[in-house]
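One-based numbering, in listed order, for ligands and for the atoms of each.
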Amino acid sequence: MMKEISAKLAIDGGTPIRTSVLPYGHHFIDEDDIAAVVEVLCSDWLTTGPKIAEFEEAFSQMVGARKAVAVSSGTAALHAAMYAIGIEPGDEVIVPAITFAATANCVVFQGGIPIFVDVDKDTLLIDPHQVEAKISPRTKAIIAVDYAGQPCEYDLLREIAQRYGLFLIADACHALGAKYKGQPVGSLADVSVFSFHPVKHITTGEGGMITTDDERVAHRLRLFRNHGISTDHHERSLKGSFYYEVVDLGYNYRLTDFQCALGLSQLRKLPEFLRRRHIVAERYNQVFSAHPFVEPLVVRSDVFHSYHLYVVRLHLDRMITDRAQIFRALRAEGIGVNVHYLPVYLHPYYRRLFATKPGLCPVAESMYQRIITLPISAAMTMEDVDDVILAVDKVTRYYGRCN
Ligand SMILES: *Cc1c(COP(=O)(O)O)cnc(C)c1O
């Protein structure tokens with residue numbers, strides 16, 4: 001049954017499409033997940049126990065990487081990756097203009113300098129054709145962000161990284177389960193980073209994972225998550241089991257056993273989670289690819305998208321208002337829209353530290369004015385999806401020039 005739609009916008013005192021706000025992302029936890037956590041809580045190991053390696057093993061297999069190292073968040077994973085590849089003060093690391101701040105913050109944690117590269121207007125992925133111009137003798141790495149869940153153009157990025165002797169890092173926090181030319185994200189870069197925050201594909205509350213084929217990098221990652229303590233068992237057995245050495249500066253970035261148990265249980269549901277996200281995305285695509293006021297991002301044909309986010313571009317030239325008003329009006333209708341993201345270099349901290357200014361990445365800046373993220377998650381029902389579509393129609397048509 002179709003809902004009776006009040007023509008008056010909720011923001012102007014009309015009846016909202018929904019009375020409780022539909023969040024832009026939400027976790028999905030079931031009885032298996034709860035039982036898996038409870039089992040570990042009743043065991044001898046709450047942390048540094050057997051579930052860590054079990055989760056790492058299952059994860060590395062899922063993404064086709066030799067090694068996986070579990071850490072306490074996606075941000076910790078990025079920080080550990082920067083340490084593991086040897087980023088030092090003054091080193092430059094190329095990052096896309098549009099991403100979550102942690103992608104660039106991790107470079108700064110190590111004293112490095114993030115160098116911002118503009119994005120493609122249709123995908124909001126780092127534009128590989130603009131990367132080369134930003135490479136200097138101090139450049140050490142490129143961080144590619146699989147924005148919204150679409151893998152970057154890895155063939156081109158890998159070729160550039162190889163030619164200049166740079167590390168290629170994938171910030172794959174949006175892209176667990178995605179594929180590029182049939183290859184899973186997690187096996188496409190030298191080092192790949194994932195997050196298990198509740199809005200991501202699978203959750204451990206907070207949590208993260210790093211994957212790599214390089215045993216030396218994996219060793220440094222394990223060192224970094226545990227205070228820089230060397231876990232060389234041979235050395236320990238020679239000098240007595242109490243003996244350990246701090247060989248470098250590390251942190252406590254460990255993930256607990258009960259979180260890893262949750263992660264294992266969630267990972268088994270990943271195919272189903274992806275299937276549900278695709279159902280939502282396909283319904284949105286159907287409606288919005290022919291919509292007068294919104295336009296979905298372009299999905300390349302050589303990828304399997306994992307739809308962490310569903311982002312549309314507003315046709316502001318056909319409307320009598322701006323994104324901020326559309327945002328407020330949709331929120332008032334009970335739709336938990338969001339914006340991903342302000343170009344990182346426009347955050348006050350970055351402006352202060354690196355003297356970055358508007359004009360640096362014109363595509364990112366102009367797209368930022370137009371983008372809005374619609375709710376998508378494995379927990380959404382088709383009624384939720386219909387509410388979003390109704391609300392987008394109601395609000396954009398109201399502000400449309402030709403209404
Ligand atoms: C979520 C996210 C992170 C950080 O992950 P946390 O687990 O929240 O620390 C980093 N980069 C991107 C692109 C993300 O979406």
Side-chain angles (χ1 to χ4, degrees), residues 23-27 55 59 68-83 93-110 114 116-117 119 123-126 141-152 157 168-178 185-186 188-189 191-211 221 224-225 251-256 259-260 262-263 266-267 273 277 297 305-311 338-345 347 350 364 368 371 373 375-377:
Y24 86 90
H26 200 273
H27 57 270
F55 184 33
F59 195 93
V69 177
V71 291
S72 54
S73 71
T75 304
L78 283 165
H79 189 187
M82 291 300 101
Y83 164 79
V93 177
I94 286 171
V95 301
I98 291 197
T99 182
F100 183 53
T103 312
N105 288 352
C106 71
V107 178
V108 184
F109 293 162
Q110 290 299 99
F116 297 96
V117 167
V119 295
T123 60
L124 301 190
L125 296 172
I126 192 167
I142 302 166
I143 307 182
V145 177
D146 301 323
Y147 178 82
Q150 169 156 235
C152 294
L157 292 171
L168 181 59
I169 311 300
D171 179 342
C173 290
H174 291 188
L176 178 57
V185 163
L188 298 162
V191 181
S192 304
V193 166
F194 297 88
S195 162
F196 308 131
H197 180 278
V199 296
K200 305 292 165 67
H201 294 84
I202 67 168
T203 191
T204 61
E206 300 283 356
M209 190 74 82
I210 311 117
T211 60
L221 292 169
F224 195 70
R225 78 169 164 193
Y251 293 76
N252 177 351
Y253 278 163
R254 296 185 305 258
L255 194 61
T256 66
Q259 287 175 295
C260 287
L262 178 55
Q266 288 262 299
L267 195 60
F273 288 168
R277 284 178 181 272
L297 294 180
H305 201 301
S306 62
Y307 286 111
H308 163 56
L309 302 176
Y310 193 92
V311 175
N338 218 311
V339 175
H340 298 92
Y341 303 90
L342 174 69
V344 177
Y345 61 83
H347 285 290
Y350 279 86
Y368 168 68
I371 49 178
T373 304
I376 191 167
S377 74

Checking contacts here: is it the side chain or the backbone of His174 that comes within 4.0 Å of ligand 1, counting heavy atoms only? Could be both or neither. side chain
Which ligand 1 atoms does Tyr341 reach within 4.0 Å, using its non-hydrogen atoms? 15 (O)
Any nitrogen or oxygen of Ser195, main chain or side chain, under 3.5 Å from a nitrogen or oxygen of ligand 1? yes
Parallel, tilted or perpendicular: rings of His201 and His308 (30°, 60°): tilted
Would you call the rings of Tyr341 and Phe100 parallel, tilted or perpendicular if under 30° counts as parallel and over 60° as perpendicular? tilted
Among all the protein's non-hydrogen atoms, which is closest to atom 9 (O) of ligand 1, and how far away is it? Thr75 OG1, 2.5 Å
In the protein, what heavy atom is nearest to atom 11 (N) of ligand 1, and what distance, to one decimal place, separates them? Asp171 OD2, 2.9 Å
Give the ring-plane orientation class for His79 versus Phe224, where under 30° counts as parallel, over 60° as perpendicular and anything between as tilted. perpendicular
For Leu124, which of Thr99, Leu309, Leu297 qualifies under side chain to side chain contact (heavy atoms under 4.5 Å, CB included)? Leu297
Is the Phe59 ring parallel, tilted or perpendicular to the Phe194 ring (thresholds 30°, 60°)? perpendicular
Under 4.0 Å to a heavy atom of Gly74 - the qualifying atoms of ligand 1, by number: 5 (O), 6 (P), 7 (O), 9 (O)
How many angstroms lie between atom CZ of Phe196 and atom SG of Cys260, to the nearest 0.5 angstrom? 8.5 Å
Look at ligand 1 and say whether Leu78 reaches it with a heavy atom at a distance under 4.0 Å. yes
Identify the protein heavy atom lying closest to atom 2 (C) of ligand 1, giving its residue, its atom name and the separation to 0.1 Å. Lys200 NZ, 2.7 Å
